[in-house]
Amino acid sequence: MEMNKTLIFPTLEAVKEARKSIENVVNYTPLQYNARLSEKFTANIFLKREDLQPVRSYKLRGAYNKIKSLFNEGKVYQGIVCASAGNHGQGVAFSCKQLQIKGTIFMPVTTPKQKLEQVEMFGGSFVEIKLVGDTFDASKNAALDFAKTSGAAFIHPFDDVQIIEGQATLALEILEQQKENIDFVFIPIGGGGLASGISTVFKELSKETQLIGVEPKGAPSMKTSIDNNLNTELSEVDGFVDGAAVKRVGDLTFEICKNALTDCIPVDEGKICDTILQLYNKDAIVLEPAGALSISALEQYRNQIKGKNVVCIISGSNNDITRMEEIKERALLYNGLKHYFMVKFPQRPGSLKDFVLNVLGSNDDITHFEYTKKNSRETALAIVGIELFNISDFNGLKQRMQDLGYFESYLNDNPDILNMMV
């Protein structure tokens with residue numbers, strides 16, 4: 001491929017130098033054995049807790065290494081600039097404050113207030129935030145234009161050799177922390193910087209380890225590219241897993257990952273939400289959707305990992321608390337415990353009472369109800385959301401609804417309407 005002539009690939013030696021460069025800023029995060037997951041999958045499951053970094057994600061490793069390297073080279077820049085919808089911006093902001101370098105961070109207008117406040121907190125007076133566009137791509141284009149006109153150095157979130165070498169430092173830690181052979185490493189993938197860094201280290205120091213890339217089902221840009229043997233831009237993505245919803249992975253990261261990854265698998269967003277809730281309720285670990293990707297993939301590899309030593313990279317925990325209702329909703333839908341119906345109610349007093357007494361099961365709960373009485377008709381439609389205690393209760397609920405004449409349609413099979421509800 002012609003492109004390969006211009007790509008500079010990361011090296012193990014450069015990763016070791018990067019580690020020296022960032023060691024006073026980045027936490028040596030724990031590799032924790034998780035007893036619950038280990039019992040569930042009959043394997044030894046270890047969690048690399050990058051959510052415990054100062055900026056609550058691994059992104060600080062690459063950002064700090066890149067920015068420090070730029071100015072150590074002696075080149076003259078008018079500060080730095082980046083585009084980010086979250087974790088990369090926080091890593092850049094933290095680095096700017098530590099190195100006392102002026103930074104400009106472009107973020108979408110739609111960025112949650114919590115993430116804006118985090119960037120402001122980490123960067124202080126050294127960072128200026130510019131809100132441009134409704135999407136990351138719009139912010140990125142604005143940042144690139146700013147770099148051209150201002151002389152600021154653009155800090156790419158993943159497709160940069162020094163960014164990758166910084167992210168790779170966590171792989172050195174894993175190999176120091178886990179003395180026994182590591183059979184599998186599950187790695188979340190957005191643009192591919194983290195997976196490329198881990199691959200760089202493991203292909204030299206632990207060749208037998210199987211590296212499994214994990215993407216959200218709604219944004220499988222790396223898997224699509226590997227399947228096509230060509231870096232392929234997706235026409236659209238589901239932005240729910242905002243830390244990994246990338247339309248196109250990097251050219252460099254694609255070249256590394258297509259040869260280094262054992263497999264690249266998509267995970268349903270509902271499964272990711274279920275994992276977030278399980279970790280919160282049972283392990284007291286608070287993760288963002290991208291941070292839960294690696295654990296969410298274990299079910300697909302249940303047979304292969306049995307009896308093996310497995311590492312899951314926990315990439316981040318910058319989750320806005322206001323998203324928890326949506327996370328719960330998606331998890332319930334995924335597990336078959338939440339169902340939406342269009343229901344026909346007779347225009348007579350007591351019809352709702354009859355529905356509750358004769359249609360709902362003893363453990364069923366109405367969680368959503370939209371109804372407008374229309375006096376000119378014999379029946380009126382209502383949208384009803386019902387949460388079940390057991391998935392096995394669904395068929396009986398639907399059958400009673402049909403037998404008593406309440407059933408109009410089942411909305412879970414209609415993605416357009418369901419998206420409006422969620």
Side-chain angles (χ1 to χ4, degrees), residues 47 50-51 55-59 83-91 107-108 110-112 114-115 118 134-137 139-140 157-158 167 186-195 212-225 233-250 253 257 261 264-280 285-300 312-335 415 418-419 422:
L47 308 181
E50 285 298 290
D51 57 305
V55 299
R56 298 202 290 270
S57 89
Y58 72 93
K59 288 286 190 175
S84 173
N87 291 347
H88 179 58
Q90 293 178 34
M107 307 183 78
T110 54
T111 302
Q114 177 255 4
K115 291 189 175 182
Q118 289 293 103
D134 294 330
T135 65
F136 168 74
D137 288 331
S139 295
K140 179 183 175 182
F158 49 83
Q167 320 300 29
F186 287 81
I187 313 165
I189 293 182
L194 178 61
I212 313 299
V214 188
E215 295 180 293
K217 183 179 178 181
S221 49
M222 183 65 79
K223 177 174 174 53
T224 300
S225 297
E233 181 171 341
L234 304 179
S235 58
E236 59 181 1
V237 298
D238 181 340
F240 175 74
V241 187
D242 51 341
V246 175
K247 283 188 174 183
R248 187 178 191 273
V249 300
T253 61
C257 288
L261 293 181
C264 188
I265 58 177
V267 176
D268 191 283
E269 282 76 4
K271 175 64 176 177
I272 295 167
C273 291
D274 186 55
T275 300
I276 291 172
L277 295 177
Q278 293 290 325
L279 287 165
Y280 178 78
I285 298 175
V286 181
L287 297 183
E288 63 185 276
L293 268 172
S294 59
I295 296 174
S296 301
L298 293 178
E299 191 68 49
Q300 295 185 48
C312 292
I313 310 297
I314 306 302
S315 60
S317 64
N318 287 301
N319 197 15
D320 191 334
I321 192 65
T322 61
R323 303 183 73 189
M324 290 306 292
E325 279 303 313
E326 181 185 1
I327 288 171
K328 179 183 177 183
E329 179 86 353
R330 284 177 176 259
L332 288 169
L333 288 166
Y334 175 79
N335 288 316
L418 193 62
N419 285 339
V422 177

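Sequence positions, counted from 1, serve as the residue numbers for this chain.
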Which distance, rounded to the nearest 0.5 Å, do you find between the CG of Asp242 and the CG of Asn319?
-> 8.0 Å
Using modelled atom types only, decide if a donor and an acceptor are shared between the side chain of Lys223 and the backbone of Lys217 within a distance under 3.5 Å.
-> no
Nearest heavy-atom contact between Val246 and Leu234 is O-CD1, 4.3 Å
Note: Ala219 and Ala245 closest approach over all heavy atoms is CB-CA, 3.8 Å
Only one of Ile314, Ile313, Val241 clears side-chain contact (heavy atoms from CB on, under 4.5 Å) with Pro188; which?
-> Ile313
Between CG on residue Leu293 and NZ on residue Lys271, distance to nearest 0.5 Å = 12.5 Å
Rounded to the nearest 0.5 Å, what's the gap from OG on Ser84 to CD on Gln90? Could you check?
-> 7.5 Å
If every non-hydrogen atom of Ala297 is compared with every non-hydrogen atom of Ile265, which pair is closest and at what distance?
-> CB-CD1, 3.7 Å
Is there side-chain contact between Gln300 and Val267, with heavy atoms separated by less than 4.5 Å?
-> yes
Glu215 side, atom CD; Met222 side, atom CE - distance, nearest 0.5 Å | 6.5 Å
Nearest 0.5 Å, what's the OG-CG distance between Ser296 and Asp268?
-> 9.5 Å
For the residue pair Asp320 and Lys115, establish whether any side-chain heavy-atom pair is separated by less than 4.5 Å.
-> no
Heavy atoms, side chains only, cut-off 4.5 Å: are Pro289 and Glu269 in contact?
-> no
Within the distance-only criterion (no hydrogens, no angle test), does the side chain of Ser139 pair as donor or acceptor with the backbone N or O of Ala83 below 3.5 angstrom?
-> no
Give, for atom CD1 of Ile272 and atom CG of Leu277, the distance between the pair rounded to the nearest 0.5 Å.
-> 12.5 Å
Less than 4.5 Å apart, any side-chain heavy atom of Gln114 and any of Gln118?
-> yes
Run the side-chain contact (heavy atoms from CB on, under 4.5 Å) check on Arg56 and Asn87 step by step: do they pass?
-> CA-CA 8 Å; Arg56 298 202 290 270; Asn87 291 347; over 6 Å; no
Side-chain donor or acceptor of Asn318 paired with backbone N/O of Val55 under 3.5 Å | yes
State whether the side chain of Thr224 and the backbone N or O of Ser221 hold a donor-acceptor pair below 3.5 Å, judged by distance alone.
-> no
Would Glu326 and Arg330 satisfy side-chain contact (heavy atoms from CB on, under 4.5 Å), going step by step from the backbone distance to the final call?
-> CA-CA 6 Å; Glu326 181 185 1; Arg330 284 177 176 259; 3.1 Å; yes
Side-chain donor/acceptor of Thr110 to backbone N/O of Asp134, under 3.5 Å | yes
Do any N or O atoms from the side chain of Arg323 and from the backbone of Glu288 form a donor-acceptor pair under 3.5 angstrom?
-> no
Closest non-hydrogen atom pair, Gly193 against Thr253 | N-CG2, 3.8 Å
Distance-minimising heavy-atom pair for Gly192 and Cys257 | O-SG, 4.1 Å
Kindly indicate whether the side chain of Ile295, heavy atoms from C-beta on, has any atom under 4.5 Å from the side chain of Leu47.
-> yes
Does the side chain of Pro157 come within less than 4.5 Å of Lys59's, by heavy atoms?
-> yes
Please report the shortest heavy-atom distance between Asp51 and Gly316, naming the atom on each side.
-> CB-C, 4.0 Å
Heavy-atom donor-acceptor pair, Ser294 side chain to Cys312 backbone, under 3.5 Å = no
Please step through side-chain contact (heavy atoms from CB on, under 4.5 Å) for the pair Leu298 and Thr275, ending with a clear verdict.
-> CA-CA 11 Å; Leu298 293 178; Thr275 300; over 6 Å; no
